[in-house]
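Sequence lines set the chain letters: A, B, ... in the order given, protein chains first and strands last, and positions in each chain run from 1. None of the values given here were measured: they were computed from a predicted structure.
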Amino acid sequence: MTDFLDRWAAESPEHARLVAEERLITQATEAIWEEMEKAGISKTELAARMGKSKGFVSQILNGSRNMTLRTLADIGFALGRQPDIRLGASPSDGWTSDSAERMPIGRPKVRYQRTANVFTPVDHWHTAA
Amino acid sequence: MEEYRGAKLTIRYCEQPPADSEGEPWMPPSLREALGSIQAGKHATCMSQLAARRERLANTGRLRSPDHWNTEARLPNGSRFYAIKVGKLRAYGWFSTRYKGVFYISHFAFKKGQKLSSQDEQRVINNWRRIEEQNP
């Protein structure tokens, strides 16, 4: 099942890129809040541990100020946690969600390009794989 | 049905597209109206933040940041309803007791003042009654 927000994201590469950005920002800020809740630490306390102002921490956590990797590391250090960075597959990578009536059934035709004796799929590489 | 399924929750919208609009671009009318109060240049940011936050809610079952989530007024059964926050945009909704694992989004609104407006509160309560008490 999909909704209008998924369809909006699929409208253009620019929309998809923006959602990817916001997904990471949401994941990071929610993870920080989770650790703050577990440790019983307020924004004021976090700011004090980092040697920064409460305003700075507020801006980082509400997304109005860009969070650098250095700041993320400092927040992790202040909370006694180690950020875990991985580059995984995109949530929509290889998957399509739509109504059954609109889903094509069968394998799409795969086109290949040849370089010497190597054939590389040009499109539908998930199917080719 | 217009809904988004995550690992923990399904986000379902009280506003649904008309039956004859299959394949046509659609967004909840209340969201379209709320976006009318926001600069056109910021619409894409609002939509992408909304998409990311509803995805997080659906996959983890909750939002923790007070910049993303707010507990709002009481429903007739004594439980609370909530809001996904994107700047001054709100998606008001509740955790359904009738449909397990469903978070209903009543409607979207642009929040003009500090307090929850009585119209928004009443609209959530009306939708809650329709979904939780009346519809079979």
### Task
For the residue pair B:N127 and B:Y104, confirm or rule out a side-chain donor-acceptor distance under 3.5 Å.
no
### Query
Of the backbone (N, CA, C, O) and the side chain (C-beta and beyond), which part of A:Q27 lies under 4.5 Å from a heavy atom of chain B, both, or neither?
both
### Message
When you measure from the side chain of A:K54 to the backbone of A:K43, do you find a donor-acceptor pair of N or O atoms at a distance under 3.5 Å?
### Response
no
### Task
Would you mind telling me which of B:R53, B:R54, B:M27 has the largest number of heavy-atom pairs within less than 4.5 Å of chain A?
B:R54
### Message
Using a 4.5 Å heavy-atom cutoff, which residues in residues 61-71 of chain A come close to chain B?
### Response
A:L61, A:N62
### Query
Does B:R12 count as lying over the ring of B:Y99, i.e. NZ or CZ under 6.0 Å from the six-ring centre, within 45 degrees of the axis?
yes
### Message
Checking side-chain polar atoms at under 3.5 Å, does A:Q82 have a donor or acceptor matched by the opposite partner on A:D84?
### Response
no
### Query
How far apart are the closest heavy atoms of B:S106 and B:W94, and which atoms are they?
CB-CZ3, 3.9 Å
### Task
Mind ranking B:A52, B:S65, B:P28 by heavy-atom pairs under 4.5 Å with chain A and telling me who comes out on top?
B:S65
## Note on the structure
Turns out that what part of B:I11 lies under 4.5 Å from chain A's heavy atoms comes down to neither
### Task
State whether a side-chain donor-acceptor pair under 3.5 Å links B:S117 with B:K112.
no
### Query
Considering only heavy atoms, which portion of A:T26 lies under 4.5 Å from any heavy atom of chain B: side chain, backbone, both, or neither?
both
### Query
Does A:Q59 CD have over 12 foreign heavy atoms under 6.0 Å away?
yes
### Message
Between A:E30 (side chain only) and B:R64 (backbone N and O only), is there a donor and an acceptor less than 3.5 Å apart?
### Response
yes
